[in-house]
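Note that these values count all heavy atoms, side chains included, but never hydrogens, waters or copies made by symmetry. From a predicted model like this one, the values you see are computed outputs, not experimental measurements. So you know, we letter chains A, B, ... as the sequences are listed, proteins then strands, and number each from 1.
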Amino acid sequence: MKTSCFHLYTLKETPADAEIISHQLMLRAGLIRRLASGLYTWLPLGLRILRKVEAIIRREMDNAGGLELLMPAVQPAELWQESGRWEQYGPELLRLTDRHQRDYCVGPTHEEVITDIFRCEIKSYKQLPINFYQIQTKFRDEIRPRFGVMRAREFLMKDAYSFHIDQDSLQQTYDHMFDTYSRIFDQFGLKYRPVNADSGSIGGSASNEFHVLADSGEDAIAFSDQSNYASNVEMAEAICTQTREAPQQSRELVETPGQHSISEIAEFLSVAVEKTLKTLIACGEKNQLIALVLRGDHDLNTIKAEKIPGIASPFQMADADEIKKQLGCDIGSLGPVELNIPIFVDRSAAAISDFVCGANQNDKHITGVNWGRDLPEPNIVDIRNVVEGDPSPDGKGILSIVRGIEVGHIFQLGDKYSSALNATVLDENGKSVITKMGCYGIGVSRVVAAAIEQNNDESGIIWPMSLAPFHLAICPINYHKSELVKQAADDFYQQCQQKGIEVLLDDRPLRPGAMFSDMELIGIPHRVVFSERGLKQSQCEYKGRCDDQSQDLAIDDLAEFIKQKLSG
RNA sequence: CGGGGUGUAGCGCAGCCUGGUAGCGCAACUGCUUUGGGAGCAGUGGGUCGGGGGUUCGAAUCCCUCCUCCCCGACCA
């Protein structure tokens with residue numbers, strides 16, 4: 001490809017509304033353009049990258065025995081009513097009505113459609129297991145689309161659905177897809193981690209997410225330094241190895257005027273934050289309030305808290321006015337002592353003694369408080385986020401925390417959809433049985449953003465070879481003035497094309513600096529420069545995208561040198 | 001949805017307070033010079049100042065209203 005025949009449109013300045021680096025670089029490099037909130041056009045350069053991601057996924061899915069098909073983006077309401085999700089899914093489901101007043105939605109996912117296809121097409125256990133997949137546009141009407149294609153409303157996804165006669169077969173395919181996903185992410189050339197995940201409302205026993213590691217990731221991942229345990233922090237069990245010591249202090253009511261936050265209290269009373277308790281008030285079912293007690297230095301995990309019986313779902317903290325009305329003090333002075341609502345106490349909070357907590361009177365706290373003595377033995381639950389240094393739940397090593405971007409997610413669905421939609425096959429006894437299902441997704445467009453988020457520098461994007469829109473940039477200096485340069489560049493360009501190298505010849509009449517900047521911004525991994533000065537000595541110049549310095553090469557060695565570079 | 005901010009040329013911004021001919025830089029186009037790290041000079045084109053309504057002789061500017069986009073969403077307990 002020659003730049004003169006391509007649409008290369010880069011921006012020197014960063015658009016003001018792009019917040020994260022991948023969004024900024026995707027706009028500046030001319031990969032995408034925004035059409036409306038959460039809706040993006042993939043320009044020719046961006047599309048080349050998207051297609052690379054697709055191709056890797058498609059190849060590995062095919063190798064793994066997946067069968068590609070393509071389902072409609074628009075789906076009839078009837079199917080969603082049958083599964084119960086027409087009501088459940090909420091406003092994220094974009095609904096529409098056709099001219100006959102029939103209801104449809106734009107698919108945010110395709111469990112209903114694939115299950116319908118299955119029940120029409122597959123009749124016998126002999127046809128199982130089977131794994132269908134597609135690479136297709138999804139639409140989710142996010143409350144707040146942001147970060148460019150990272151959290152867009154319309155996005156490209158690979159979704160696969162497997163069907164099985166029993167759990168063993170499902171487990172086998174699930175494990176196989178786990179391995180396939182690992183191969184796919186290896187080929188992307190990205191640093192990633194598979195982690196245990198919350199299977200959430202979708203149900204089923206097993207669920208793993210695949211995260212591309214990047215500091216800007218929206219998710220936190222906890223992993224052990226001595227085993228392969230890795231889990232989304234949402235899910236990671238917080239282990240408390242500490243045992244409670246016997247009380248030594250006596251309980252005392254102290255004045256803490258104007259001191260509200262844990263850090264203020266700890267400093268004011270000269271105690272460690274680990275010796276304080278914080279009391280959070282959550283909404284229960286039927287307008288009741290429920291207290292959640294944590295150690296002062298720990299954070300509440302709302303996903304865990306939501307699972308406590310009696311807590312309202314979705315999880316919601318109580319309103320400050322409501323708290324004042326029912327409990328008689330402001331939120332900065334709450335504590336579990338003589339608090340007449342249900343109280344749940346985190347494991348670590350239950351393991352401390354002689355602690356400080358609010359007195360349920362404004363500007364008063366209590367010191368030297370002890371479970372069992374000053375208040376009843378606690379009702380112990382796991383409701384906090386794990387922190388760096390916690391013991392690993394598998395008993396091996398301690399946890400570290402890194403940030404990740406969720407780009408893949410695999411689930412065992414069990415029979416949730418197959419039973420709702422009555423997807424059955426005949427077994428070897430001629431009896432009708434409900435099939436088991438698995439589902440396996442990869443956010444194709446999100447992979448592109450995640451790759452940039454992980455691989456960039458002050459000059460722009462740094463593509464791994466497997467995703468690069470072009471592998472090699474040829475930058476001729478004075479292409480339009482020097483016949484020598486033009487000749488050399490054109491010759492080499494043709495050679496590359498004949499060898500099937502994805503090459504971009506920059507034949508724009510630009511000064512070298514502008515040309516180099518553009519090629520670096522769009523992240524081409526390898527660059528060759530032809531100049532009259534060099535050619536007169538039968539030399540040209542090579543620089544890798546991450547090299548500090550360029551190196552001079554004899555023209556005669558160039559072809560072999562590039563061949564080596566591209567195969568490495 | 002709630003709160004905050006924002007909207008002026010493709011992009012980045014000034015002008016608004018204190019009403020009086022709509023500006024700057026980049027990008028684009030033309031010409032000349034330049035050609036190893038985002039060139040210089042000269043010139044050109046491009047705007048319903050987010051939409052609507054109002055106040056006024058006169059509105060980008062003041063008032064009302066609708067919209068867009070961005071940010072934040074109790075952990076201060």
ask   = Is the shortest distance from a Lys or Arg side-chain nitrogen in Asp547(A) or Lys543(A) to a carboxylate oxygen in the other one below 4.0 Å?
value = no
query = OP1 or OP2 of C69(B) sitting under 4.0 Å from any side-chain N/O of Arg146(A)?
reply = no
task = May I ask you to decide if the ring planes of Phe355(A) and Trp371(A) are parallel, tilted or perpendicular, using 30° and 60° as cut-offs?
result = tilted
request  = Find which nucleotide of RNA chain B each of Asp518(A) and Ile331(A) is nearest to by heavy atoms, and output the residue with the more 5' nucleotide.
outcome  = Asp518(A)
message = Under 4.0 Å, heavy atoms only, any strand: does Arg144(A) hit a base, just the sugar-phosphate, or nothing?
response = base
ask   = If we take the P atom in both U65(B) and G2(B), what is their distance in whole Å?
value = 15 Å
remark   = Checking C26(B), C71(B), U35(B) against the side chain of Asn478(A) (C-beta onward), the nearest is U35(B)
ask   = Once you round it to whole Å, what is the distance between P of C70(B) and CD of Gln24(A)?
value = 14 Å
ask   = Rounded to whole angstroms, how far apart are NE2 on His23(A) and C1' on C70(B)?
value = 11 Å
Verdict with reasoning, Arg347(A) to Glu237(A), per salt bridge (Lys or Arg N to Asp or Glu O under 4.0 Å) = CA-CA 11 Å; Arg347(A) 292 167 177 174; Glu237(A) 185 183 359; 3.0 Å; yes
request  = Could you give the distance separating C24(B) and A9(B) at their C1' atoms, to the nearest angstrom?
outcome  = 12 Å
inquiry  = Please report the distance separating the C1' of U48(B) from the corresponding atom of G53(B), rounded so that it comes out in whole Å.
reply    = 16 Å
query = Roughly, in whole Å, what's the span from NZ in Lys481(A) to C1' in G36(B)?
reply = 15 Å
key: Under 3.5 Å on both distances, the Watson-Crick or G-U partner of G31(B)   = C41(B)
key: For atom NZ of Lys536(A) and atom P of G36(B), their distance in whole Å   = 13 Å
task = Could you tell me whether Asp330(A) contacts a base, only the sugar-phosphate backbone, or nothing, with contacts defined as non-hydrogen atoms closer than 4.0 Å?
result = nothing
inquiry  = Looking at the base of G38(B), is there any donor atom on it, or on the side chain of Arg28(A), that sits under 3.5 Å from an acceptor on the other one?
reply    = yes
request  = Indicate, with a heavy-atom threshold strictly under 4.0 Å, whether Gly332(A) touches base, sugar-phosphate, or nothing.
outcome  = sugar-phosphate
task = Once you apply the 3.5 Å cut-off to both distances, tell me the Watson-Crick or G-U wobble partner of U21(B), or none.
result = none
task = Determine the contact category for Glu264(A): base if any of its heavy atoms lies under 4.0 Å from a base atom, sugar-phosphate if only primed atoms, P, OP1 or OP2 are that close, otherwise nothing.
result = nothing
query = Starting at CE of Met515(A) and ending at C1' of U35(B), how long is that distance when rounded to a whole Å?
reply = 9 Å
ask   = What nucleotide among G37(B), C75(B), A27(B) has an atom nearest to a side-chain atom of Asp299(A)?
value = C75(B)
inquiry  = Around atom CD of Glu245(A), are there more than 12 heavy atoms from other residues, nucleotides or ligands closer than 6.0 Å?
reply    = no
query = Has the side chain of Arg508(A) got a donor or acceptor that lies under 3.5 Å from a partner of the other kind on the base of G38(B)?
reply = no
task = Just call it for Gln259(A): base, sugar-phosphate, or nothing, with non-hydrogen atoms closer than 4.0 Å on any strand.
result = nothing
message = Using a heavy-atom cut-off of 4.0 Å across all strands, would you classify Asp17(A) as base, sugar-phosphate, or nothing?
response = sugar-phosphate
key: Complementary nucleotide for C69(B) - Watson-Crick or wobble, under 3.5 Å   = G5(B)
message = Taking the side chain as everything from C-beta on, heavy atoms only, tell me whether Asn456(A) gets closer than 4.5 Å to Ile461(A).
response = no
inquiry  = Taking the P atom in each of C41(B) and A60(B), what is the distance between them to the nearest angstrom?
reply    = 33 Å
ask   = Under 4.0 angstrom, heavy atoms only, what part of the nucleic acid is Ser261(A) near: base, sugar-phosphate, or nothing?
value = sugar-phosphate
request  = Name the nucleic acid region contacted by Ser531(A), choosing base, sugar-phosphate or nothing; use a 4.0 angstrom heavy-atom cut-off, strictly under.
outcome  = base
What pairs of nitrogen or oxygen atoms, one from the protein and one from nucleotides 3-11 of chain B, lie under 3.5 Å apart?
residue : atom : partner  : partner atom : Å
C11(B)  : O2   : Glu13(A) : OE1          : 3.4

ask   = Say you pick atom P in A22(B) and the same atom in C26(B); how far apart are they, in whole Å?
value = 23 Å
note = From CG of Leu39(A) across to P of U68(B) the rounded distance in Å is 13 Å
inquiry  = Measuring only the C1' atom in each nucleotide, how far is C62(B) from U55(B)? A whole number of Å is fine.
reply    = 8 Å
inquiry  = What's the closest nucleotide to the side chain of Arg511(A) if the choices are G37(B), C69(B), U35(B)?
reply    = U35(B)
query = Quantified in whole Å, what is the C1' atom distance between nucleotide U8(B) and nucleotide G23(B)?
reply = 10 Å
request  = Could you pick out which residue, Leu510(A) or His298(A), lies toward the 5' side of RNA chain B when each is mapped onto its nearest nucleotide?
outcome  = Leu510(A)
request  = In plain terms, say whether Arg403(A) and Glu453(A) are close enough for a salt bridge, that is, a side-chain N and a carboxylate O under 4.0 Å apart.
outcome  = no
Gln249(A) to Asn370(A) - nearest heavy-atom pair and separation = O-ND2, 4.0 Å
ask   = When you compare U34(B) with G40(B), how far apart are their P atoms, in angstrom units rounded to a whole number?
value = 15 Å
request  = Give Arg527(A) one of three labels, base, sugar-phosphate or nothing, depending on what nucleic acid heavy atoms sit under 4.0 Å from its own.
outcome  = base
task = Start with the C-alpha gap between Tyr479(A) and Asp506(A), add the side-chain angles, then the distance that decides, and say whether side-chain contact (heavy atoms from CB on, under 4.5 Å) holds.
result = CA-CA 9 Å; Tyr479(A) 183 83; Asp506(A) 198 344; over 6 Å; no
request  = Please determine if Arg446(A) and Glu218(A) form a salt bridge, counting it only when a charged side-chain N lies under 4.0 Å from a carboxylate O.
outcome  = no
task = Identify which nucleotide among G36(B), G37(B), G38(B) has an atom closest to any side-chain atom of Ile477(A), counting heavy atoms from C-beta outward.
result = G36(B)
inquiry  = Counting the atoms with a prime plus P, OP1 and OP2 as sugar-phosphate, which does Leu27(A) contact under 4.0 Å by heavy atoms, base, sugar-phosphate, or nothing?
reply    = nothing
inquiry  = Please report the distance, rounded to the nearest Å, between CD in Glu458(A) and C1' in G37(B).
reply    = 14 Å
task = Look at the side chain of Ser37(A) and decide which nucleotide, out of C75(B), C70(B), A39(B), has an atom nearest to it.
result = C70(B)
Pro512(A), nearest nucleotide to its side chain (from U35(B), C69(B), C71(B)) = U35(B)
task = Could you check if a side-chain atom of Phe470(A) sits within less than 4.5 angstrom of a side-chain atom of Arg48(A), using non-hydrogen atoms only?
result = yes
ask   = Under 4.5 Å between any side-chain heavy atoms of Gln288(A) and Pro342(A), yes or no?
value = yes
task = Round to a whole Å and report the spacing from CG of Asp297(A) to C1' of C75(B).
result = 13 Å
